[in-house]
Amino acid sequence: MPELPEVETVANGVHKRVHGEVIESVWLSSKPEPFKTSPEAMAEALTGRLIERVYRVGKHIVFDLTRDGDLTRGGNLAGSKGKSESKSGSQWIVHLGMTGRLLVSNAGGLVPAHTHAILRLSSGRELLFVDPRRFGRLSIHRLDAETEQSNGFRGTGQEPLTISAEDFVSLFRSRKTPIKAALLNQKLLHGVGNIYADESLFRAGIRPTRMAGRIGKDRLERLRTELQAVLRHAIELGGSSVSDYVDADGEKGFFQLEHRVYLRGGQPCLVCGTPIRKIVLAGRGTHYCPACQA
């Protein structure tokens, strides 16, 4: 499943290509799984709206929409979680699931198999949502006209890239779960998944099985630093392409070339040479160095 860096990369790429476009018409597939909002209501909410901004919140991609002609241009860029500045009354929320993709293409081209949404844009291009396994989800988040500044889509947990050291430490205080499981809990930190949990724990020297509530403040602060560094570096490299992930141009990321433990079970540690160990923790394959991580 695409994690924070992959979703951020897609959101940034889509924003560059479609912000300022008007959605002139909408086609939605007959498959029910992708639609948390009914296709009829979704088509009505999207048609005629201007795409003001596209950005990431956790593992979700958020489209701020406004009525054509009502755009307030504030120089906002796609990126980390923030309050919506849309005057739209609604947002389009995209979760990529396991195999979902957002692609921008010229109208009239070959439509990929497993396409579930086509937004025809004022430039003549199209924005497509493609998802072979149909674990992705599309929905409309409606805003209260009186309080749009405060009730935009906020995700499920705190933002890993901006959380303070104090708040990060407090998330794990007294928790009786392994630190890897706690990092994957989207109600605590949204956006962190299996790859970046393994990689940040290795860089912080913390074994994934260690109970979160027994890790000292200094080590948790180091974990926060390493997690943010790993996420930012992965964003710079376009994410990790270890399965189906591609960006808005259909290009793969390169951070998989930087993996130090993830999917390296049995191979020598790049630091000490000890074979990387693979276990199952919280139902997920987990990779760590038994010598470097305590």
Side-chain angles (χ1 to χ4, degrees), residues 1-18 34 53-63 77-82 92-105 112 114 116-117 127-139 153 155-163 180 183-186 189-203 226-264 284-287:
M1 180 178 292
E3 302 179 27
L4 186 155
E6 292 77 46
V7 178
E8 178 96 4
T9 300
V10 172
N12 287 342
V14 172
H15 174 83
K16 291 177 183 178
R17 289 157 182 78
V18 306
R53 183 181 176 217
V54 185
Y55 55 101
R56 176 193 59 79
V57 174
K59 293 183 181 180
H60 295 81
I61 298 172
V62 179
F63 290 70
L77 298 177
S80 60
K81 175 179 174 180
W92 191 40
I93 312 300
V94 177
H95 191 287
L96 298 176
M98 297 288 290
T99 58
R101 294 181 291 161
L102 282 172
L103 302 175
V104 180
S105 64
H114 311 294
H116 300 290
L127 175 63
L128 289 73
F129 176 72
V130 183
D131 187 8
R133 297 186 67 182
R134 301 202 296 272
F135 289 126
R137 294 294 180 265
L138 307 175
S139 63
F153 182 79
T156 58
Q158 297 205 50
E159 169 56 41
L161 288 177
T162 58
I163 188 171
K180 166 76 180 284
L183 285 173
L184 296 179
N185 185 343
Q186 299 299 297
L189 289 173
H190 60 199
V192 179
N194 209 33
I195 297 172
Y196 302 102
D198 279 3
E199 291 297 314
S200 60
L201 286 168
F202 173 77
R203 288 160 170 80
E226 297 295 345
L227 174 62
Q228 292 180 344
V230 165
L231 293 173
R232 290 192 174 103
H233 187 42
I235 292 169
E236 291 174 355
L237 295 181
S240 295
S241 291
V242 296
S243 182
D244 300 279
Y245 164 71
V246 292
D247 66 15
D249 290 324
E251 300 295 331
K252 293 181 177 291
F254 292 96
F255 189 74
Q256 67 274 11
L257 303 178
E258 303 282 329
H259 291 174
R260 299 182 186 178
V261 290
Y262 185 73
L263 294 184
R264 297 193 67 249
R284 307 298 300 274
T286 297
H287 310 79

Where is the tightest heavy-atom contact between G97 and P2, given as atom of each residue plus distance? O-CD, 2.9 Å

How would you list, by chain and number, every residue that makes a salt bridge (charged side-chain N to carboxylate O under 4.0 Å, His left out) with R134, sequence neighbours excluded? E33

Supply the atom-to-atom distance L103 CG to F129 CZ, rounded to the nearest 0.5 angstrom. 10.0 Å

Closest non-hydrogen contact found for V57 with G155 is CG1-N, 3.6 Å

Could you go through the side chain to side chain contact (heavy atoms under 4.5 Å, CB included) check for V10 and R101 one step at a time? CA-CA 8 Å; V10 172; R101 294 181 291 161; over 6 Å; no

Nearest-0.5 Å distance that lies between atom CD in E159 and atom CD in Q228: 9.0 Å

Nearest non-hydrogen partners of P5 and T9, listed with the distance: O-OG1, 2.7 Å

Flag the pair L231 / P160 as yes when at least one side-chain heavy-atom distance between them is below 4.5 Å, and no otherwise. yes

Are E3 and N194 close enough that some pair of their side-chain heavy atoms sits under 4.5 Å apart? yes

Check whether any side-chain heavy atom of L4 lies under 4.5 Å from a side-chain heavy atom of L161, and answer yes or no. yes

If only atom types and distance count, is the side chain of H15 paired as donor or acceptor with the main-chain N or O of V54 below 3.5 Å? yes

After noting the C-alpha distance and the side-chain angles of K59 and Q186, does the key distance pass the side chain to side chain contact (heavy atoms under 4.5 Å, CB included) rule? CA-CA 9 Å; K59 293 183 181 180; Q186 299 299 297; 3.8 Å; yes

Is L201 close to L183 at the side-chain level, that is, under 4.5 Å between some pair of heavy atoms? yes

Side chain to side chain contact (heavy atoms under 4.5 Å, CB included) between L189 and L227, worked out: CA-CA 11 Å; L189 289 173; L227 174 62; 4.1 Å; yes

Results of salt bridge (charged side-chain N to carboxylate O under 4.0 Å, His left out) for D198 - residues two or more places apart only: K180

Distance from E8 atom CD to I61 atom CD1, nearest 0.5 Å? 10.0 Å

Closest contact, heavy atoms only, D131 versus G100: OD1-N, 3.4 Å

Residues two or more places apart in sequence or in another chain: which of them pass side-chain hydrogen bond (donor to acceptor under 3.5 Å, both in side chains) with N185? none

Which residues satisfy the side-chain contact (heavy atoms from CB on, under 4.5 Å) test with R260, sequence neighbours excluded? E199, F202, R203, L270

Only counting residues at least two apart or in another chain, list the ones meeting side-chain contact (heavy atoms from CB on, under 4.5 Å) with E236. H233

For H60, enumerate each residue passing the side-chain contact (heavy atoms from CB on, under 4.5 Å) test, keeping only those at least two apart in sequence or located in another chain. I93, H95, F153

Would you confirm whether H190, through its side chain, and T156, through its main-chain N or O, come within 3.5 Å as a donor-acceptor pair? yes

Relative to the ring of W92, is the ring of F63 parallel (under 30°), tilted (30 to 60°) or perpendicular (over 60°)? tilted

